Structures are given as C-alpha cells and as structure tokens.
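Following: one structure in structure tokens, then a few remarks.
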Amino acid sequence: VLISLAILGIFSISAITLFRADFNHAQRQENKMQAYYLARSGAETLASYLIYNPEGLTITERQVLIDDLLNGKTSTQVKIKEDEDREFLKEGSIQIKTQKIGSNLEITSIGIYKGISDKVTVTLGIENIKGRTVPIIDTALFTVGNGNEGNPVIKLEGSVKIKGSIGSNTTGKNSIQLAWSTGITNGTLSIGPGANINEVIQTNRPSPLENIPEGINNLASSRNYPMPVFPSFPEYLPVPNNPNFTTPWIPGGYYLINTNGKYNTIQATSDRTITFDLGGGERIIRVKNLDISQGNIVLRNTGENGKLIFYVENSFKLSGSSNINKGGEFERVMVYYAGSEAIDFEGSTSYVGNIFVNTANIKIGGSGGITGHIITNGTSVDISGDASAYSRIFYAPNSYVNVSGSGKIKGALIAKSFFASGGGMSIEFVEPDIDTFPGEVFGEDASIEVKYINNPWK
C-alpha cells in the first residue's frame with residue numbers, strides 16, 4: 001500500500017508539474033500574442049499618422065517631424081485609443097525606435113505585456129515632391145459665386161440639358177433658376193453648405209427634383225477655386241532678322257520657324273501653313289501680334305515631350321477656316337495671351353492646344369472649336385452658334401459664362417456664374433486628365449509622400 005501510495009504521489013506531482021508547465025507555456029504564448037498586438041498597434045499607428053497626416057500638418061511641420069524620426073528622435077509612448085476590445089493595453093506598454101535606412105524610415109515597435117515582449121518592424125518610403133496643385137475638378141459645371149434672384153449664378157432656359165453633376169457655392173434665394181424643360185441627367189446638384197434647397201432653386205415645375213431626378217444635396221464646405229497667376233513673359237529671346245514673319249507667295253510655299261525668337265508679328269494668310277520645328281523640345285515664341293486670319297500652324301519633330309509655347313502681347317486672331325495643330329495632341333501647344341482685345345474664334349476654325357487668357361474676354365462662335373484646357377482671369381466668356389469647346393478643363397472662376405444656340409462644352413467648367421439657352425446647347429462632363437493641365441498657373445507646391453515599403457500585417 002505504501003509503495004502504491006508513493007507511486008501515485010510521484011505521478012500526481014509529475015502531472016501537476018506538467019500541467020503547470022503547460023499552463024505557464026499557454027500563458028506565455030497568450031502574453032506573447034498580446035505583446036505582438038501592442039507592437040503592431042504602435043507601428044501601425046505611427047505609420048498611419050505619417051502616411052495620412054490626420055492633423056493636417058503643414059509641409060514644414062511634417063518635414064520637421066520626419067527629420068526627427070529619421071534621426072532617431074522618437075517618443076517612447078504612443079497614444080492608442082482604449083476600448084472594450086483593447087483592455088489589455090492597460091497592462092502593457094509600447095516602445096518605438098526609428099532609424100534611417102538608406103532614404104527610408106524604419107520603425108521598430110516593441111510591445112511589452114506582463115514581462116513578455118515582441119516586436120514589429122515597418123519600413124516607410126519618404127519622398128519629397130515638388131508638384132503642381134490643381135483644385136478639385138469633378139463636376140460638369142461648378143459656379144463659385146453666391147447669387148440672388150436678380151443675379152443668378154446658374155440659369156438654364158429653353159431645353160438645356162447638362163450631362164453630369166453640377167455644383168455651386170451659392171446659398172442665395174432663387175440664385176439657381178431652371179426652366180421647365182431644362183435639367184440635369186446622369187448627375188446631382190450640390191449647393192452651398194446649410195442652404196435651403198427649396199429657397200435656392202427656382203423652377204417652373206412643382207419640385208426641383210423633377211429637373212434633377214438623381215438628387216440635390218449640400219456641400220460639406222464651400223469650395224475654393226483660386227485665381228490663376230499669369231506668368232511673366234521671357235525677355236532673353238533673340239530677335240530674328242525678320243521680326244515680321246508673314247506668308248507671301250514663294251516657290252514651294254514652305255514657311256518654317258525652327259528657333260526660339262521674339263517677333264513683332266507672325267501672320268499666316270491665303271491658306272498657307274507655317275511649320276514650327278520643335279527639335280524634340282520646347283519652342284518658345286514671344287510675339288506682339290499672332291494673326292492666323294486664313295492659314296494654318298503645324299508642328300514637326302515634337303519628340304516625346306515637345307511643346308510650342310506662344311507668349312502673345314497684344315492680339316491673337318484665329319478666323320476663317322484656319323487651324324492650329326489640327327489633328328495633333330493639345331498638350332503640345334500653349335498660348336499665354338496678355339492682350340486686352342477679346343479673343344474671337346469664329347468661322348470654322350480649329351484650335352488644338354491649351355490657352356491662358358489674362359484679362360480679355362473670350363468669344364467662340366460659328367462652328368469653331370477648341371480642344372484643350374482653357375484658363376482665364378477675364379470676366380466674360382461667350383459660346384454661340386454651333387461652336388464646340390472640348391475644353392477638358394475650362395477654368396474661368398472670375399467669368400460670367402454665356403452659352404447659346406447649339407454651343408457645346410465637353411469636359412468640366414468652373415465659372416463665377418453661368419447662363420445657357422437654346423435647344424441644342426449642352427454641357428457633358430468628361431473626367432479630366434489632371435496631368436495634362438498646366439498646373440504651374442497655381443504655382444509649384446511642395447509635398448511629402450509617405451508609403452509602405454514593407455507591411456508585415458498585409
């Protein structure tokens with residue numbers, strides 16, 4: 001009996017020892033898991049803070065913070081929201097270390113829970129970017145003004161239809177006026193924050209939702225569309241032997257400009273063509289008067305990123321059946337126009353390129369058309385007849401824009417106020433390619449891009 005009791009005692013002690021060992025191992029594993037999640041929470045919180053910038057730190061503030069982290073100056077505490085699912089955080093702690101690895105930032109987060117530790121390492125890529133800032137462009141039409149019944153910011157008459165969403169900062173009473181047969185298809189209407197829909201929109205129908213069946217809502221906040229900055233004209237350009245370049249009859253009829261230059265006049269007449277050889281790069285031309293009354297401009301040797309840039313001082317005429325860069329890519333031509341005389345694209349003209357008008361009015365009439373981004377600081381834009389503006393982005397935040405007849409705009413229009421009438425008139429939203437917009441008109445904007453190089457939990 002004594003021997004049996006002794007054997008049972010030995011087995012009991014062994015069983016208890018094994019049970020305790022298993023229990024302790026399981027407890028350590030659980031604590032290890034808690035330590036891991038603490039470490040992960042620390043790494044993920046700091047990484048997300050740097051990537052998404054939730055407090056909206058300025059470029060300078062972000063740069064100082066990241067420089068400190070790259071130099072290892074890191075706080076040993078990370079604040080993490082405690083909730084019912086994270087009670088274990090009350091018994092644990094997190095330590096974070098950072099260091100520079102090449103041009104990257106390595107974050108090592110150590111979680112400690114009841115004496116057990118684990119760590120997670122995350123690597124972030126840091127890139128300083130000097131880019132171009134372009135405001136939000138996501139509607140067929142957006143008006144920045146705040147009108148009233150006598151001075152509406154949007155007025156549609158006849159049977160005008162807008163294909164795509166439209167928006168306005170306006171909160172004024174009856175500042176958006178819609179005739180019975182007008183409306184919005186494939187989109188919604190957004191009005192100023194807090195504005196009363198039934199007060200802002202005036203319509204002949206029983207409800208504005210009959211004109212805008214997809215819905216009306218309020219903006220979360222007013223949008224800011226800054227005035228673009230017109231550039232200074234280059235002074236360094238050489239003056240050619242003939243600063244008045246015209247197209248008189250010559251044998252062969254070939255008229256070539258293949259160098260940068262400063263001209264008094266460039267004129268194409270009698271259906272003749274001026275060829276600009278870009279030499280695979282930029283061709284920069286400053287001219288007082290650019291007159292394409294009845295002629296053409298074509299480009300050659302454009303290369304991958306070649307561009308023809310005109311700085312026009314006094315007047316810019318495109319009339320008759322003249323063409324500039326017809327059939328080409330609109331990114332290849334840029335015209336900066338400083339004159340006070342209105343730009344009037346009439347007849348059956350075709351302009352394929354970007355244009356920035358400083359203060360002059362813009363008129364597009366007849367069956368003429370523009371393909372490219374249009375930017376203006378002027379106060380008046382008039383599109384009439386059967387004219388078309390395949391404008392990509394028509395940026396006119398200071399302009400009263402009037403479209404009549406069968407005029408068409410395809411792209412996105414930013415205006416101060418907008419009036420449209422006629423049966424064939426239309427605006428159709430096309431998602432713009434922001435990379436093709438000359439964003440330098442808003443100045444260069446520095447930014448910092450932070451992204452994961454390695455992400456251990458994905």
Side-chain angles (χ1 to χ4, degrees), residues 230 233 244-247 255 257 263-276 278 283-299 307-378 380-392 394-396 399 401-403 405-411 438:
F230 197 75
F233 282 14
N244 295 305
F245 191 97
T246 59
T247 56
Y255 308 87
I257 295 178
Y263 293 80
N264 290 326
T265 299
I266 295 177
Q267 183 181 46
T269 56
S270 303
D271 287 321
R272 293 172 183 140
T273 298
I274 301 175
T275 300
F276 284 84
L278 307 189
R283 181 66 60 232
I284 300 174
I285 304 295
R286 178 172 175 173
V287 59
K288 290 182 178 179
N289 303 295
L290 180 60
D291 182 1
I292 315 299
S293 298
Q294 186 58 55
N296 308 284
I297 287 179
V298 300
L299 313 182
K307 183 183 292 187
L308 173 60
I309 303 175
F310 281 110
Y311 293 90
V312 183
E313 297 180 39
N314 295 336
S315 66
F316 177 25
K317 294 182 180 179
L318 183 67
S319 57
S321 56
S322 301
N323 302 296
I324 295 179
N325 193 32
K326 185 176 182 179
E329 299 172 317
F330 68 86
E331 306 97 307
R332 304 294 190 182
V333 177
M334 182 74 205
V335 171
Y336 295 100
Y337 176 59
S340 58
E341 182 180 337
I343 285 186
D344 190 353
F345 293 163
E346 58 184 7
S348 58
T349 58
S350 174
Y351 175 80
V352 181
N354 298 323
I355 185 168
F356 185 176
V357 178
N358 190 20
T359 59
N361 296 334
I362 297 176
K363 296 181 180 180
I364 306 173
S367 58
I370 295 180
T371 300
H373 300 300
I374 303 172
I375 307 162
T376 179
N377 285 324
S380 176
V381 174
D382 188 81
I383 301 174
S384 60
D386 192 30
S388 300
Y390 295 130
S391 55
R392 287 7 185 226
F394 201 141
Y395 194 84
S399 294
V401 178
N402 177 42
V403 184
S406 300
K408 298 175 179 64
I409 298 175
K410 195 171 185 178

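Keep in mind that what you see is a predicted model, and the values were worked out from it rather than measured. Computed over heavy atoms, backbone and side chain alike; hydrogens, waters and symmetry mates excluded.
Here the closest heavy-atom approach between residue A360 and residue Y337 is recorded as CB-CE2, 3.7 Å. The two residues L318 and S350 have their closest heavy-atom pair at CD2-O, 4.2 Å. G353 and I370 make their closest contact through O-CG2, 4.5 Å (heavy atoms, listed as atom of the first residue, atom of the second, distance). Nearest heavy atoms, D271 versus S321: OD1-OG, 4.3 Å. Of all heavy-atom pairs spanning K288 and V312, the tightest one is O-CG1, 4.1 Å. The two atoms that bring I375 and P438 nearest to each other are CD1-CG, 3.5 Å, heavy atoms only.
The CG atom of N402 lies 7.5 Å from the OG atom of S380; values are rounded to the nearest 0.5 Å. Between the CG atom of N358 and the OG1 atom of T376 there is a distance of 8.0 Å, given to the nearest 0.5 Å. The CZ atom of F245 lies 7.5 Å from the CD1 atom of I266; values are rounded to the nearest 0.5 Å. Remark: I292 CD1 to N323 CG distance equals 10.5 Å, nearest 0.5 Å. Atom CZ of F316 is separated from atom CG of D344 by 11.5 Å, given to the nearest 0.5 angstrom. Taken to the nearest 0.5 Å, the CD1 atom of I297 stands 8.0 Å off from the CD1 atom of I257.
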Run the numbers on I285 and F276 for side chain to side chain contact (heavy atoms under 4.5 Å, CB included), then give the verdict. CA-CA 10 Å; I285 304 295; F276 284 84; 3.9 Å; yes
Using side chain to side chain contact (heavy atoms under 4.5 Å, CB included), reason through L278 and L308 one step at a time and then give a plain yes or no. CA-CA 7 Å; L278 307 189; L308 173 60; 4.0 Å; yes
Side chain to side chain contact (heavy atoms under 4.5 Å, CB included) between R392 and T371, intermediate numbers included: CA-CA 8 Å; R392 287 7 185 226; T371 300; 3.2 Å; yes
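Under the 4.5 Å side-chain criterion, counting only non-hydrogen atoms from C-beta, V333 is in contact with Y351. Side chains of I309 and Y336 form a contact here, defined as non-hydrogen atoms less than 4.5 Å apart. I343 places a side-chain heavy atom less than 4.5 Å from the side chain of I355. Between S319 and Q294 the shortest side-chain heavy-atom distance does not fall below 4.5 Å. Contact annotation: the side chain of I324 never approaches that of F310 to less than 4.5 Å [non-hydrogen atoms, C-beta and beyond]. In this structure, the side chains of V401 and F394 stay at 4.5 Å or more apart for every pair of heavy atoms. Y311 places a side-chain heavy atom less than 4.5 Å from the side chain of I284.
Taking a cutoff of 4.0 Å between a charged side-chain nitrogen and a carboxylate oxygen, E331 and K307 do not qualify as a salt bridge.
Between the T273 side chain and the N296 main chain, no donor and acceptor come within less than 3.5 Å of each other. Counting only distance, with no hydrogens or angles, the side chain of N361 and the backbone of A342 share no donor-acceptor pair below 3.5 Å. Remark: the backbone N or O of S322 is not paired with any side-chain donor or acceptor of T349 at under 3.5 angstrom.
Taking the six-membered ring for Trp and thresholds of 30 and 60 degrees, F356 and F230 have ring planes more than 60 degrees apart, a perpendicular arrangement.
Listed by chain and residue number, T247, Q267 satisfy the side chain to side chain contact (heavy atoms under 4.5 Å, CB included) test with T269 (two or more places apart in sequence, or in another chain).
H373 has its ring centre less than 6.0 Å from the ring centre of F330.
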